[in-house]
Undergrad: 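I'd like to ask you about the structure that follows.
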Amino acid sequence: MSRADTLWIVDHAKSLGFDLCGVVRAEQFPELQRMPEWLARGYAGEMKYLADARRSDPQIAMPGIRSAIVGLLNYNTSQPLSTDPRLSIDDRQPYGWISRYAWGDDYHDVLRERLDALVESLRERFTVPFEARAYVDTGPVQERVLAKYAGLGWLGKNTLLLNQMFGSFFFLGVILTTLDLEPTLGTSELPPPDLCGSCRRCLDACPTQAFVEPYVMDARKCISYLTIELRGSIPEEFREPMGNHVFGCDICQDVCPWNRRAPIVTIPQFQPRIFPLPEEAWTDTSHTLQDESLYLPRLEWLLGLNEADFRELFRGSPVKRTKWRGLIRNACIALGNSGVRPGMADHGRISSLLDRLAASEDQVLAESARWALSRIQ
Ligand code: B12
Ligand code: SF4
Ligand code: SF4
């Protein structure tokens, strides 16, 4: 295929709503050689799927693969950062932090729709027979590595892909294909340089010290792993450092200077979901009444959700990944860190919710609730 075809793909991806797009030849990239050691050190924890051999070699991921198309989609909404000292939190109400990427609709669906549309357009443009598979997270590939060599950015010390203009609050989606496409970077061009320099803000700010060295994470220590991927109890040593995080964590991105001037997105799918108060509650004066939101959700609200509420509210949201049990477990830990004390307005109501969970047959929930109770008495 020609250079013009690649330029057409990049332009077309942008017209479908991607902020950036790049094309790369499917090769053995140096970063992938470190994968066996990373896995052998146990850093993947319970994420057994990361050991799939296909992840270390695109040729195994898709037999006959020649190229990958990588799309980048910004999700940097306008709300303050989790590290913003001006964060206007009403301190009578304990709030949790849901990661920015999970405030709106599930990004897998949002990106997948755009990637599928791009594959359809490829089929119209290229009449030769070819295979093309679209993935968002779900494929046996390391998306950040493909993105780097497609010219979309550098791998930062926090292990994320960073782009000089967009920072790191963006999603990646890839199309693996047997089409032999011209890469975006010419033969003499290198991927964008590493602009982390002497900065180490992300490494120093991580509350659980998840980075064993710059560019290397022990995922078992990352709050994102603990709150989303881990199914059992949160290990004791991480509970206090978890603070008010109930789903994911943004700290190593919030402190990154490259995110300071990143463009803001207004697309409705990524704006925080708001749940208006039911009409019958308008006359109820016993609670502080307000709409509920996934941006700074009230912990008491989260803790009071039952499984049916959870299914209903988080349909089509990334939060459903941790399941009801995971979210309630995380809300217990966050409440244990909330500083709620006897005599405070919410103490009675929160204690009763925790008491009920402490009696649960589910040992993880019961133990998490007991831990929270022991910290707020
Ligand atoms: C597993 C996973 C996680 C895990 C592990 C994180 C990680 N850093 O790998 C957890 C659950 C912790 C996680 C968290 C998050 N994730 Co995530 N995650 C993934 C996923 C599905 C696979 C990544 C992977 O293969 N990791 C495995 C390890 C091996 O990769 P690695 O860190 O790059 O390891 C290499 C380096 O350590 C390197 N290396 C360099 N020097 C050295 C030296 C030594 C000695 C060794 C051993 C290795 C080594 O070699 C290793 C192997 O290549 C990708 C989607 C995909 N399919 O790619 C999304 C993805 C990376 N995640 C994403 C996001 C948004 C997040 C969060 C921001 C979500 C949140 N807010 O909570 C956080 C960010 C945390 C962080 N700082 O990375 C985005 C990132 C976008 C971007 N800008 O880069 C992706 C691309 C999803 C997407 N489709 O958009 N994630
Ligand atoms: S997401 Fe949070 S816990 Fe995970 S590495 Fe970054 S700062 Fe540390
Ligand atoms: S905080 Fe500093 S070291 Fe970390 S990723 Fe950003 S620029 Fe790189």
Side-chain angles (χ1 to χ4, degrees), residues 29-41 43-47 49-52 55-56 61 70-76 82-83 97-103 107-108 111-112 115 135-148 152-164 166-174 194-230 238 241-243 245 247-260 318 321:
F29 303 104
E31 285 79 359
L32 302 180
Q33 316 299 324
R34 313 300 294 261
M35 193 89 182
E37 186 182 346
W38 190 86
L39 290 166
R41 290 182 180 198
Y43 294 159
E46 288 181 4
M47 298 182 291
Y49 68 92
L50 292 177
D52 186 333
R55 300 189 89 87
S56 308
V70 188
L72 178 157
L73 184 63
N74 180 4
Y75 66 86
N76 188 28
S82 67
T83 48
W97 184 264
I98 291 180
S99 201
R100 184 170 297 268
Y101 87 93
W103 292 343
Y107 66 98
H108 296 96
L111 272 87
R112 194 53 212 254
L115 289 174
Y135 295 114
V136 184
D137 265 8
T138 43
V141 282
Q142 283 231 40
E143 293 166 355
R144 288 164 298 173
V145 174
L146 291 172
K148 169 181 168 178
L152 300 185
W154 75 96
L155 294 167
K157 289 182 191 172
N158 63 7
T159 77
L160 292 167
L161 188 84
L162 273 86
N163 175 280
Q164 203 167 350
F166 286 95
S168 64
F169 287 120
F170 54 75
F171 300 116
L172 296 172
V174 297
D194 181 339
L195 296 179
C196 283
S198 59
C199 174
R200 44 174 296 124
R201 285 173 199 224
C202 52
L203 312 177
D204 296 337
C206 175
T208 51
Q209 292 164 8
F211 300 108
V212 290
E213 57 182 280
Y215 309 99
V216 185
M217 175 202 280
D218 180 347
R220 293 169 300 184
K221 295 183 176 175
C222 175
I223 292 170
S224 187
Y225 168 82
L226 294 165
T227 54
I228 305 172
E229 305 294 331
L230 183 73
F238 300 124
M242 252 173 67
H245 289 90
F247 188 86
C249 168
D250 294 325
I251 294 175
C252 58
Q253 300 190 83
D254 286 351
V255 298
C256 179
W258 292 102
N259 281 325
R260 261 187 235 144
R321 183 167 174 88

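Just so we're clear, the structure is a prediction, and the values are computed from it rather than from any experiment. Note that the numbering runs from 1 along the sequence shown for the chain. Ligands are counted one by one from 1 in listed order, and the atoms in each one are counted from 1 as well.
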Undergrad: Can you list the ligand 3 atoms lying under 4.0 Å from a non-hydrogen atom of C256?
TA: 1 (S), 6 (Fe), 7 (S)
Undergrad: Do ligand 1 and N158 have nitrogen or oxygen atoms that lie under 3.5 Å from each other?
TA: yes
Undergrad: Can you find an N or O of I228 that's nearer than 3.5 Å to an N or O of ligand 1?
TA: no
Undergrad: Within ligand 2, which atoms have a heavy atom of T208 less than 4.0 Å away?
TA: 3 (S)
Undergrad: Please list the nearest protein heavy atom to atom 3 (S) of ligand 2 with its residue and the distance rounded to 0.1 Å.
TA: I223 N, 3.1 Å
Undergrad: Record the part of V141 in heavy-atom contact with ligand 1 below 4.0 Å; permitted values are side chain, backbone, both and neither.
TA: backbone
Undergrad: Going by the order shown, which atoms of ligand 2 are within less than 4.0 Å of some heavy atom of C206?
TA: 3 (S), 5 (S), 7 (S), 8 (Fe)
Undergrad: When you measure from atom 34 (O) of ligand 1 to each heavy atom in F169, F29, W38, which option holds the nearest one?
TA: W38
Undergrad: Compute the minimum heavy-atom distance from Y225 to ligand 2 and say whether it is under 4.0 Å.
TA: no
Undergrad: Suppose we measure from atom 6 (Fe) of ligand 2 to each protein heavy atom; which comes out shortest, and what is that distance?
TA: C252 SG, 2.4 Å
Undergrad: Is at least one protein non-hydrogen atom found at under 4.0 angstrom from atom 16 (N) of ligand 1?
TA: no
Undergrad: Show, in sequence, the C-alpha distance, side-chain angles and deciding distance for R321 and E229, and conclude whether the salt bridge (Lys or Arg N to Asp or Glu O under 4.0 Å) test is met.
TA: CA-CA 8 Å; R321 183 167 174 88; E229 305 294 331; 2.9 Å; yes
Undergrad: Which atoms of ligand 3 sit under 4.0 Å from any heavy atom of C202?
TA: 1 (S), 3 (S), 4 (Fe), 5 (S)
Undergrad: Going by a strict under-4.0 Å cutoff (protein heavy atoms only), does atom 80 (C) of ligand 1 have a neighbour on the protein?
TA: yes
Undergrad: Which one of R55, Q142, Q33 has a non-hydrogen atom at the shortest distance from atom 22 (C) of ligand 1?
TA: R55
Undergrad: Among protein heavy atoms, which lies nearest atom 2 (Fe) of ligand 2, and at what distance?
TA: C249 SG, 2.3 Å
Undergrad: For F169, does the six-membered ring have the charged nitrogen or CZ of R100 within the cation-pi criterion, i.e. under 6.0 angstrom from the centroid and within 45° of the normal?
TA: yes
Undergrad: So which of D137, V216, L32 gets nearest to atom 87 (C) of ligand 1, if we judge by its closest heavy atom?
TA: D137
Undergrad: For atom 73 (C) of ligand 1, which candidate among G167, S224, G139, P30 provides the closest heavy atom?
TA: S224
Undergrad: Please identify which atoms of ligand 2 are closer than 4.0 Å to at least one heavy atom of I251.
TA: 7 (S)
Undergrad: So which of N158, D194, L161 gets nearest to atom 5 (S) of ligand 3, if we judge by its closest heavy atom?
TA: N158
Undergrad: Between R144, E143, M217, which one has a non-hydrogen atom sitting closest to atom 33 (O) of ligand 1?
TA: R144
Undergrad: To which protein heavy atom is atom 7 (S) of ligand 3 closest, and what is the distance rounded to 0.1 Å?
TA: W258 CD1, 3.5 Å
Undergrad: Can you confirm whether or not the ring centre of Y107 sits under 6.0 Å from the ring centre of Y75?
TA: no
Undergrad: May I ask you to identify, for Y49, whether its side chain, its backbone, both or neither come under 4.0 Å of ligand 1 on a heavy-atom basis?
TA: side chain
Undergrad: Between D250 and S82, is there a side-chain donor-acceptor contact under 3.5 Å, judged purely by atom types and distance?
TA: no
Undergrad: In terms of atom number and element, which parts of ligand 3 are under 4.0 angstrom from non-hydrogen atoms of K157?
TA: 3 (S), 5 (S)
Undergrad: For ligand 2, which atoms have a heavy atom of F211 less than 4.0 angstrom away?
TA: 5 (S)
Undergrad: Of all the atoms in ligand 2, which lie at a distance below 4.0 Å from a heavy atom belonging to M217?
TA: 5 (S)
Undergrad: Where does C202 meet ligand 1, judged by heavy-atom distances below 4.0 Å: at the side chain, the backbone, both, or neither?
TA: neither
Undergrad: Under 2.8 Å from atom 6 (Fe) of ligand 3, is there any N, O or S atom belonging to C196?
TA: no
Undergrad: Could you find the nearest protein heavy atom to atom 4 (Fe) of ligand 2 and give me its residue, atom name and distance?
TA: C222 SG, 2.4 Å
Undergrad: Protein non-hydrogen atoms only, distance under 4.0 Å: does atom 71 (N) of ligand 1 have such a neighbour?
TA: yes
Undergrad: Which residue and non-hydrogen atom of the protein lie closest to atom 66 (C) of ligand 1, and at what distance in Å?
TA: L160 CD2, 4.6 Å
Undergrad: So which bit of L39 gets within less than 4.0 Å of ligand 1, heavy atoms only: side chain, backbone, both or neither?
TA: neither
Undergrad: Right, does atom 9 (O) of ligand 1 have protein non-hydrogen atoms nearer than 4.0 Å?
TA: yes
Undergrad: Between R41 and ligand 1, find which residue part has any heavy-atom pair under 4.0 Å and reply side chain, backbone, both or neither.
TA: side chain
Undergrad: Which bit of Y101 gets closer than 4.0 Å to ligand 1, counting heavy atoms only: side chain, backbone, both or neither?
TA: side chain
